[in-house]
Amino acid sequence: MACFFLFLSIFFFAISILIPASTPHITNPTNIDGFAVHLIHRDSYLSPVHNSSLTTADRIQSAVHRSFSRLNRIHSLSSPSLTRDISFDIVLDDGEYFMTFSIGTPPRQVYAIADTGSELTWVKCLPWKQSHEEAPHTFNPSNSSTYMKLPCFSPSCRDLNWYKRFCIKDYCYYKERYGDGLTTKGTLSTDKFSFEDDYKNTIDVGNLAFGCSDDASGPILGNETGIVGLSRRPLSLVSQLKYTNFAYCMVVPANKHWLGATSKMYFGSEADFLGGQAPLVTGSNNQYYHLTLQGISVGDEKLQIPSGIFDIAENGEGGFIIDSGTTYTLLRGEAYDALVKALSEAIHLPRKHYGEDLELCFEASFEDLALQPDITFHLNATDVILTKETTYEPVADGVWCLSILRSKSSLSILGNVQQRNYFVAYDISQGNEAVYFAPVNCSNPSF
Ligand SMILES: *[C@@H]1O[C@H](CO)[C@@H](O)[C@H](O)[C@H]1NC(C)=O
Ligand SMILES: *[C@@H]1O[C@H](CO)[C@@H](O)[C@H](O)[C@H]1NC(C)=O
Ligand SMILES: *[C@@H]1O[C@H](CO)[C@@H](O)[C@H](O)[C@H]1NC(C)=O
Ligand SMILES: *[C@@H]1O[C@H](CO)[C@@H](O)[C@H](O)[C@H]1NC(C)=O
Ligand SMILES: *[C@@H]1O[C@H](CO)[C@@H](O)[C@H](O)[C@H]1NC(C)=O
């Protein structure tokens, strides 16, 4: 099979050299130095999946579930042997922050999850095999006068990994795998993209390649309409826009409906490198953003953790990833145990049992917890100190739980809750790959 695809790629590569004129080239995106867009939290009333009848406990439970599901998905995709915990389904409704943008002529607004762990940007297209209803934000390619399918010999098709693409009648189809058996597939296409900035200006970025998805092998629930790929690979949104940097600033919600508070994502000149620098692990695959976590402290006390447990193993498993789509930080068992032990010893507040997954909870007020020692992640070469707002989550009246979870694999992930109130900027220029962390108030209008 591999040989066959390799042959096909060489074959189409050869053809495209021979007849370049017939390749519909994607025009370079317009020269815009940079721009910023809103990120909409899935629980925000602005979100397409907002459900106002969910209680705080429901929301936390589903966030815990999504975190485990996402861990499984990343773990199973980056490991040669599929040793995932089968008690958590891998569902496509993980991810946390929606971006909204418009595709086509006339422009059609869609919502898609901003995902630093994905390459291909794809949206749900009509006709959609699993449902015949017109969902609220589904893209109908036959309504767009600028829509085009991309042929197999197009450069964008070749940018897809060979195992993700196949040809039908000369057109490029993709199949994106999301963990065990769950896939989405469709036509690799191109159309006009535009974004709306903070001042409601339309930012036309020209034609981009994207996946027009017409099918998924598993449940795609609710109104999620796709994924925005933000990895370092060639087809991701940042790479196609020819930016070598992007950033985000995720707010701490002021109340359970996230009224008025939107987080933001920045591209190009808007994504300044502020604060401490943590170089990406070199030699890791460029699908995920791996960082070097050297240790964790509670107050001034460094946790006793076996050295090297956050490193990528020789078979590619494990490591420490920063991810936009995982809700709660997950630490592998040895580190999680040490963290819970250190916090239990340092914090003299009544403990409270709350469910299986949130292992450390207190009967306390936020003010009580605010006085307790900080948790610091020692990255190479910057410290990320968690704020109390992002360390504990109120699960019930007067009950706060540590919002860090036990990873059930060798992989550890810095989740987006713990990235709130940090301006997190990614430098993806070759040779300088790094993530910058600056503690800021993301609700402050200047961000
Ligand atoms: C909203 O949440 C409630 C409570 O969990 C659930 O019963 C209902 O199906 C949800 N609605 C939608 C549209 O998902
Ligand atoms: C797209 O076209 C179909 C008919 O092909 C029409 O029913 C539908 O209203 C159009 N949708 C939009 C958003 O224009
Ligand atoms: C999807 O969106 C529609 C219209 O905005 C809304 O009525 C419906 O409840 C949403 N479904 C879910 C599962 O959120
Ligand atoms: C920390 O990063 C520097 C610069 O990238 C690198 O030279 C060094 O080996 C790293 N140290 C560890 C322990 O990874
Ligand atoms: C952050 O900024 C918002 C808006 O300016 C303000 O309401 C809030 O109090 C600030 N938070 C902190 C911790 O300073």
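Values in this document were obtained by computation on a predicted structure and should not be read as measured data. Counting convention: from 1, in listed order, for ligands and their atoms alike. The figures here come from the full heavy-atom set of this structure, side chains too, leaving out hydrogens, waters and symmetry mates. We count residues from 1, following the sequence as given.
Regarding atom 2 (O) of ligand 5, its nearest protein heavy-atom neighbour is N441 ND2, 2.3 Å. The protein atom (non-hydrogen) at minimum distance from atom 5 (O) of ligand 5 is P445 CD, 3.9 Å. Protein heavy atom nearest atom 4 (C) of ligand 5, with residue, atom name and distance: S443 O, 3.7 Å.
Side-chain contact check for L160 versus S156: every heavy-atom pair is 4.5 Å or farther apart.
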If you look only at distance, which donor and acceptor atoms sit under 3.5 Å apart when one is on a side chain in residues 265-272 and the other is two or more places apart or in another chain?
residue, atom, partner, partner atom, Å
S269, OG, D33, O, 3.2
S269, OG, G34, N, 3.4

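If you look at Y426 and Y248, their ring centroids are closer than 6.0 Å.
When each atom of ligand 1 is checked for a heavy atom of S53 under 4.0 Å away, the hits are 1 (C), 2 (O), 3 (C).
A side-chain donor-acceptor contact under 3.5 Å links Q240 to the backbone of L235.
Checking atom 9 (O) of ligand 5 against the protein gives no heavy-atom contact under 4.0 Å.
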(Q) With side-chain contact (heavy atoms from CB on, under 4.5 Å) as the criterion, how do V228 and I113 come out once you've worked through the C-alpha distance, each side chain's angles and the decisive distance to 0.1 Å? (A) CA-CA 6 Å; V228 178; I113 296 272; over 6 Å; no

